[in-house]
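These notes concern the structure reproduced below.
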Amino acid sequence: MDTAEFRRRGKEMVDYIADYLENIEGRQVYPDVVPGYLRNLIPDAAPEHPEAYEEIVRDIERVIMPGVTHWQSPYFYAYFPTGSSYPAMLADMLSGAIGCIGFSWAASPACTELETVMLDWLGKMLNLPEEFLAGTEGQGGGVIQSTASEATLVALLAARAKILKRLQAENPGLAEPEILSKLVAYSSDQAHCSVERAGLIGGVKMKKIPSDTKFSVGGEALRKVIEEDKAAGLIPFYCCATLGTTPSCAFDNIMEIGPICNSENIWMHIDAAYAGSSFICPEFRHLLNGVEFADSFNFNPHKWLLINFDCSAMWVKKRSEIIGAFKMDPLYLQHDHQESGLVTDYRHWQIPLGRRFRSLKMWFVFRTYGLKGLQEYIRKHVSLAHEFESLVRQDKRFEICGDVVLGLVCFRLKGSNALNEKLLKAINNGRMIHMVPCYLADSFVLRFAVCGRTTESKHIQLAWENITEIGTEILQELQQ
Ligand SMILES: Cc1ncc(COP(=O)(O)O)c(C=O)c1O
C-alpha cells in the first residue's frame, strides 16, 4: 500500500468505523458463534501472494463481526465499561504512525515527557496529594501501565524489593530465600483476582482479609490478621486496598487501613481500576480520602474516562522505589540525560521494555472534552445507574444487593441462586442485553454496569423491560 492508497483507504476506514459506531445499536450485542467458528472461515496458512485490500475489508463483516461482542453497544452491561471515543482513536492512529518505542527519554523524548505531564494533569484532576506528582522537582510521579493487574504486580514487586533491601541491611546474614518465605501480602476477599495472581507471580503469600457486610475491609480486620501473622513469625509487607470492587463496587476503608500500613511499614497500593475515574468529580472525591497514606495508586482511564484500551494510570510517591526495584542499564539503552528531575526512563517503571506512545490519547481526550466534559460523562452514567436502581426497587419481586454508588447496580430476583442463574442465562440467551454475574455473600447476583458511551435513558428502560419480561416468564413457569 503506497501513501496515495493509504490516504484513500484511511478515509474509507474512518467511514466504516463511524458507521459501525453510529449503528451499533442495530447489531446483536453478543454473538451467536460457537467455539472454533473462525478457523473454518479463513485459510489455514498466510497467503503466499499479496491479496487485494478490498478482499480484506470484505472479510471484516464475513469473518470478524459475527464473532464480536459489541462492548460499545448501549445494550452492553457486563463487566465494567471499556473506554472509547473518537479523539482517543485518532490519537492512537497518530501513535501508530509515529511508531516509536518510548522505553527511555532518548528513545523518543516527546513520548516520555508528554506521559509525565499527562499523569500530572490527571493527578491534578483527581486532586491527588502533591507528593504523587512529578512536577519539575517532585520525588513521585505517574506512569502508564497497560493494565491495573500490571500496576498491582509492579507495586508488589517494588514493595518486595524494598523490604528485602531493608531487612538485609538490618541483618546482613539473612538470606533472601528465608525472608521471601516469610513475606505476607494482603487484600480484601473482594479484591480482583489479579491481586491474588500478583502474589503468585511475586512468589509471596497473599492473604484475603474478610470484608464486612458492606463488602469493605476496615482497619480492625486488617490489624487482627497482621497481629496473628507477626506472632507466627511472618513479615507483612504489602497491602492492596480496593476502591470500587469488581463484584459490587464497594470501597475499602483506606482512612483506617492507611495509617496501619504506614505504622507497620507495609506498602499500601490502591487499586481503583473502575471507580478511579469518578474521583475527578468533586462529589465523588471523598471516596479517595486516605490516598495520602498510599505508596502507590492506580486506576484505568481506559475503563471509564473515554480513553481506549490500554491506559492504566499509576502513581507512586517515591519513584526511586520503583525504579530501584527493576533497574537494568545495559550500554545500548543508556543516553546522556539519564534520570534527572526533568527526565525519567519509563522502562524502569514497568515489566516490558517496549512501550507505545499512549499519552497522546490522554492529551487528545483531556483537551477535546475538558474536565467539565469528562465530569458530565461520569455523572450521566451514575444517574443512569440510579435510574435503573429505582426501576428495580419499584418491582417487589426483585432486590438490590449492595449500595449503588457509581455506575454499577447489583440486583436479583428474591429467591434461590438457581432461580437467578436461570434468569441471567435466559437474559443473555435472549441476546438483547448482556450482563455477567457475581457472588455477594454466597448469593448469585446480576451485575448491571452502565458501560456504553451512547447509553441513554431509553436503553435503560428497554433493558429493564427485557429483564422483567423474562423474569415474569420464569416465575410463571415455576408456579405451574
Ligand atoms: C477492581 C479491579 N481491579 C483490577 C481489574 C483488572 O483490570 P485490568 O484488566 O486493567 O488488569 C479490574 C477489572 O475489571 C477491576 O475491577
Side-chain angles (χ1 to χ4, degrees), residues 69 71 76-84 88 122 142-157 185-202 206 208-209 211 214-217 238-254 257 268-279 284 287-288 291 294 296-315 350-352 355-356 358 361-362 381 385 402 405-410 434-440 445 447-451:
T69 301
W71 281 62
F76 183 90
Y77 299 104
Y79 313 106
F80 275 136
T82 187
S84 170
L122 185 53
V143 59
I144 304 175
Q145 304 283 1
S146 295
T147 61
S149 314
E150 245 174 274
T152 301
L153 175 64
V154 162
L156 180 135
L157 295 177
Y186 304 113
S187 75
S188 152
D189 59 10
Q190 300 293 308
H192 191 264
C193 62
S194 53
V195 182
E196 188 173 348
R197 204 149 171 256
L200 278 176
I201 299 170
M206 174 69 72
K208 292 181 183 175
I209 311 289
S211 55
K214 294 270 184 195
F215 309 109
S216 157
V217 165
Y238 176 81
C239 176
C240 176
T242 309
L243 296 181
T245 59
T246 317
S248 66
C249 199
F251 292 79
D252 288 339
N253 189 335
I254 53 173
I257 294 174
M268 178 161 83
H269 175 69
I270 297 175
D271 171 11
Y274 162 69
S277 297
S278 73
F279 306 151
F284 300 124
L287 296 166
L288 186 60
V291 67
S296 51
F297 166 68
N298 168 256
F299 83 99
N300 286 349
H302 72 229
K303 274 192 162 50
W304 203 14
L305 217 53
L306 290 161
I307 297 174
N308 288 62
F309 189 85
D310 56 333
C311 182
S312 188
M314 178 189 192
W315 290 264
Q350 61 176 26
I351 293 165
R355 54 203 332 277
R356 294 191 308 119
R358 292 174 290 202
K361 57 191 170 189
M362 299 176 100
H381 274 196
V405 182
L406 299 172
L408 175 68
V409 185
C410 290
H434 188 57
M435 286 186 288
V436 293
C438 71
Y439 277 110
L440 287 178
V445 164
R447 291 171 76 268
F448 184 91
V450 179
C451 290

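Counting starts at 1 for both ligands and their atoms, following the listed order.
Remark: minimum distance from atom 13 (C) of ligand 1 to any protein heavy atom is reached at Lys303 NZ, 3.3 Å. Regarding atom 3 (N) of ligand 1, its nearest protein heavy-atom neighbour is Asp271 OD2, 2.6 Å. Residue, atom and distance of the protein heavy atom nearest to atom 11 (O) of ligand 1 are Ser149 OG, 2.4 Å. Protein heavy atom in closest approach to atom 12 (C) of ligand 1: His192 CD2, 3.3 Å.
Using modelled atom types and a 3.5 Å distance limit, the side chains of Ser216 and Asn253 yield no donor-acceptor pair. Counting only N and O atoms by type, the side chains of Asn300 and Ser312 include a donor and acceptor under 3.5 Å apart. Side chain to side chain, Arg355 and Ser146 fail the donor-acceptor criterion of an N or O pair below 3.5 Å.
Looking at Thr246, Thr147, Leu153 and measuring to atom 1 (C) of ligand 1, the nearest heavy atom belongs to Thr246.
By the 4.0 Å heavy-atom criterion, Gly244 is counted among the residues contacting ligand 1. Heavy atoms of Asn300 approach ligand 1 to within less than 4.0 angstrom.
In this structure, the separation between CD1 on Ile209 and CD1 on Ile257 is 8.5 Å, given to the nearest 0.5 Å.
A side chain to side chain donor-acceptor pair (under 3.5 Å) with Asp310 is found for one member of Arg358, Gln145, His302 and no other, namely Arg358.
Between Ala273 and ligand 1, not a single N/O pair is under 3.5 Å apart.
At a 4.0 Å heavy-atom cut-off, ligand 1 does not touch Tyr274 at all.
The two residues Ala273 and Asp271 make their nearest non-hydrogen contact at N-OD1, 3.0 Å. Closest heavy-atom contact between Thr245 and Phe80: O-CZ, 3.8 Å.
Those atoms of ligand 1 with a heavy atom of Phe80 less than 4.0 angstrom away are 14 (O), 16 (O).
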